Amino acid sequence: MRTPTYLAAGLRLPTNWLDYTILAIYFVVVLGIGFAARRSVRTSLDFFLSGRSLPAWITGLAFVSANLAATEILGMAANSAQYGAYTVHWYWIGAIPAMVFLGLVMMPFYYGSKVRSVPEFLLLRFDKGAHLLSSILFACAAVLIAGVNLYALAIVVEALLGWPQWVAIVVAGAFVLAYITLGGLSSAIYNEVLQFFVILAALIPITVLGLKKVGGWGGLTDKLTATHGHNFTTAWGGTGIGSVNPLGANWLTIVLGLGFVLSFGYWTTNFAEVQRALSAKNLSAGQRTPLIAAYPKIFIVFLVMIPGLVAAALVPKIGGSASGLQYNDAIPFLMQELLPNGVLGIAVTGLLAAFMAGMAANVSSFNTVFTNDIWEKYVVPGRQDAYYVRFGRLITVIGVCASIGTAFLASSFSNIMAYLQTLFSFFNVPMFVVFIVGMFWRRASAASGFWGLLAGTTAAMINYFVLYKKGIVSIPSDQGANFVSAIAGFVAGAVVMVAVSLFTRPKPADELRGLVYGTRSPGMAEPSAPGDDAWYRKPALLGWGAVVLAAACYIPFSL
């Protein structure tokens with residue numbers, strides 16, 4: 001039985017007027033950005049994709065900030081306190097290669113086809129069945145993940161500041177709702193850029209003071225080796241097949257389950273991320289968006305992993321009933337122990353900013369998909385553009401309310417990141433296999449998209465809820481189960497797509513131009529596929545990608 005996610009009651013922070021002043025200034029700036037962005041919203045393209053007008057450095061920072069939600073900050077710190085240095089795999093193995101692949105290989109398909117969302121690409125490549133199913137699955141996932149951010153925000157604010165949970169939910173939800181409704185995606189993106197720097201300002205003091213508290217990196221590793229064993233401070237120690245390690249996974253499930261299936265499934269098909277790249281001003285800026293984001297992503301892991309390790313060193317029994325602290329308490333515990341007033345206000349503001357960034361990313365992607373891919377395509381088609389802008393604002397309100405309703409589904413998970421990875425294995429991985437097969441195999445038929453997506457989602461859920469939860473298959477941890485579920489979903493989706501394609505007709509070749517690797521799409525203003533302007537003919541992009549991949553491959557093997 002899992003412990004609920006409530007944070008320890010003894011973590012109340014000694015905040016004063018200075019801390020609340022910093023927090024108030026931040027909220028005023030957030031709303032100011034929303035009002036400023038409203039002036040640029042004239043069409044649905046402006047509201048949902050910023051008019052495709054933003055420079056690469058803006059979209060790149062927003063790309064990484066949208067992912068750097070407080071669920072990741074709390075969740076990855078919790079991962080580190082529970083599993084140790086294995087957390088690096090979620091970044092260097094489970095993020096960077098997929099981000100480079102998105103920028104170099106997949107963005108020409110997305111941007112060149114002029115789609116407004118990821119599910120819309122499936123409509124062009126497959127049929128309405130795949131499009132509608134993917135739209136519904138993504139809309140559900142977006143609301144669930146936004147709900148995780150709201151729930152985590154409520155329990156953190158209640159524990160740290162003493163605000164009732166409903167107050168925290170209403171205040172944060174109202175601010176996110178206000179600036180997205182006012183300025184659409186542009187407001188969300190510009191706020192995410194601001195939030196990126198606020199989050200860094202919150203995490204850096206915690207990391208530096210935490211290391212000082214335990215005697216630097218050497219003192220930290222010595223303490224953890226003595227209390228948790230040598231493998232706790234290494235990236236690959238004990239990951240041989242059949243070996244026992246804190247993560248409960250071996251190198252094969254880490255590389256295939258996390259590094260390939262979960263990672264590529266999330267970073268290449270999650271519209272909350274891809275939407276930022278689609279809002280860039282041209283294809284080149286769209287391709288550079290995930291590459292720019294990959295650079296800070298390499299180093300952010302230290303700002304979330306080290307606090308978790310420090311908490312495990314200071315409270316060796318963290319996560320157990322004897323300590324009174326859960327793994328999710330790692331960051332709030334260090335804030336209480338280490339930060340003076342003023343700096344404490346910045347840290348609290350950074351934590352709230354991170355929650356709002358994560359929630360805003362999912363709400364803005366939800367309103368785009370629901371409006372363009374469900375409402376406009378199947379419910380009320382053919383209306384004037386202004387109607388869909390108004391409906392987009394209305395569905396934003398509904399999305400925030402639905403997120404509040406789903407927030408408490410996360411309460412059965414003591415490690416928030418485990419819950420998120422479970423959702424990704426259900427929703428993102430099956431979509432990825434449909435994309436990857438459809439993009440690189442011309443023979444994949446229109447019907448195969450729907451059945452592959454359905455089979456992948458079903459297989460991942462059966463593995464998790466039936467085989468793992470019922471104890472039919474023994475898997476040491478939730479994270480290990482997520483890796484296996486992702487692999488099962490990917491394999492099932494691919495097998496079903498191949499089988500269905502062999503017994504159904506493929507789409508005509510002229511309908512696949514610009515949608516399948518190596519094909520051209522005539523008449524486009526910009527090259528739309530690798531056959532027109534391939535990534536391997538772009539030395540600047542190759543240079544960006546090569547440096548990021550080299551760092552991502554070298555650093556984990558040095559630990």
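In this text the structure is predicted, and so the values were computed from the model without any measurement.
Considering only heavy atoms from C-beta on, L61 stays 4.5 Å or farther from Y190 through its side chain. A 4.5 Å side-chain heavy-atom check between V274 and T269 finds every atom pair outside the cut-off. Counting heavy atoms from C-beta outward, I398 and I395 have side chains that approach closer than 4.5 Å. Side-chain contact between N79 and W90 is present, with at least one heavy-atom pair separated by less than 4.5 Å. Annotation: side chain of L309 is in contact with side chain of M305 (closest heavy-atom distance under 4.5 Å). Side-chain contact check for N191 versus L194: some heavy-atom pair is nearer than 4.5 Å. At least one side-chain heavy atom of L123 sits under 4.5 Å from a side-chain heavy atom of K128. Side-chain contact between V369 and P119 is present, with heavy atoms from C-beta onward closer than 4.5 Å.
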Mind running side-chain hydrogen bond (donor to acceptor under 3.5 Å, both in side chains) on Y26 and Q195 for me, showing each step along the way?
CA-CA 9 Å; Y26 170 74; Q195 287 157 350; 3.0 Å; yes
Verdict with reasoning, T268 to V118, per side chain to side chain contact (heavy atoms under 4.5 Å, CB included)
CA-CA 9 Å; T268 64; V118 168; over 6 Å; no
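To the nearest 0.5 Å, atom CD1 of residue I58 and atom CD1 of residue I292 are 10.0 Å apart. Atom CD1 of I300 sits about 11.5 Å away from atom CE of M76, to the nearest 0.5 Å. Considering CE of M439 and CG of L512, their distance stands at 12.5 Å, rounded to 0.5 Å.
Among residues at least two apart or in separate chains, salt bridge (charged side-chain N to carboxylate O under 4.0 Å, His left out) pairs with a member in residues 115-124 are R116-E120, R116-E376, E120-K377.
Using modelled atom types, one finds no donor on one side chain facing an acceptor on the other under 3.5 Å when comparing S485 with S425. Side-chain N/O atoms of D373 and S117 include a donor and acceptor closer than 3.5 Å.
In this structure, R383 is not positioned above the aromatic face of F391 in the sense of NZ or CZ being under 6.0 Å from the six-membered ring centre and within 45° of the axis.
One N or O on the side chain of R125 and one on the backbone of G438 form a donor-acceptor pair closer than 3.5 Å. In this structure, T368 contributes its side chain and S364 its backbone to a donor-acceptor pair below 3.5 Å. At least one donor-acceptor pair closer than 3.5 Å links the side chain of T457 to the backbone N or O of L453. Remark: side-chain polar atoms of S80 are not paired, donor with acceptor, to backbone N or O of G308 under 3.5 angstrom. Side chain of W92 to backbone of I298: a donor-acceptor contact under 3.5 angstrom is found. Between the side chain of E192 and the main chain of A66, no donor-acceptor pair closer than 3.5 Å is present. A distance-only check finds no donor-acceptor pair linking the side chain of Y266 to the backbone of V429 [under 3.5 Å]. Between the side chain of K297 and the main chain of I96, no donor-acceptor pair closer than 3.5 Å is present. Under a 3.5 Å cut-off, the side chain of Y110 and the backbone N or O of V115 do not form any donor-acceptor pair.
Annotation for S279 and I189: closest pair OG-CD1, 3.4 Å, computed over non-hydrogen atoms. Heavy-atom minimum distance, G350 versus I199: O-CG1, 3.6 Å. Residues M497 and W441 come closest through the heavy atom pair O-CZ3, 4.4 Å. Contact record, F302 with T207: O-CG2, 4.0 Å, taken as the closest heavy-atom pair. Residues I93 and S263 share a closest heavy-atom pair of O-OG, 4.2 Å. Closest approach of V304 and I73 over heavy atoms only: CG1-CA, 4.1 Å.
In this structure, F435 has its ring center closer than 6.0 angstrom to the ring center of F121. Taking the six-membered ring wherever Trp is involved, the centroid distance between the rings of W267 and F63 falls below 6.0 Å. Between H89 and Y83, the distance from one ring center to the other does not fall under 6.0 angstrom.
Contacts of Y388 classified as ring-ring contact (aromatic ring centres under 6.0 Å, His included), with partners at least two apart in sequence or in another chain: none. For the ring-ring contact (aromatic ring centres under 6.0 Å, His included) test, residues two or more places apart in sequence or in another chain that qualify with F264 are F101, F260, F432.
Using cut-offs of 30° and 60° on the angle between ring planes, the pair F370 and F366 is tilted.
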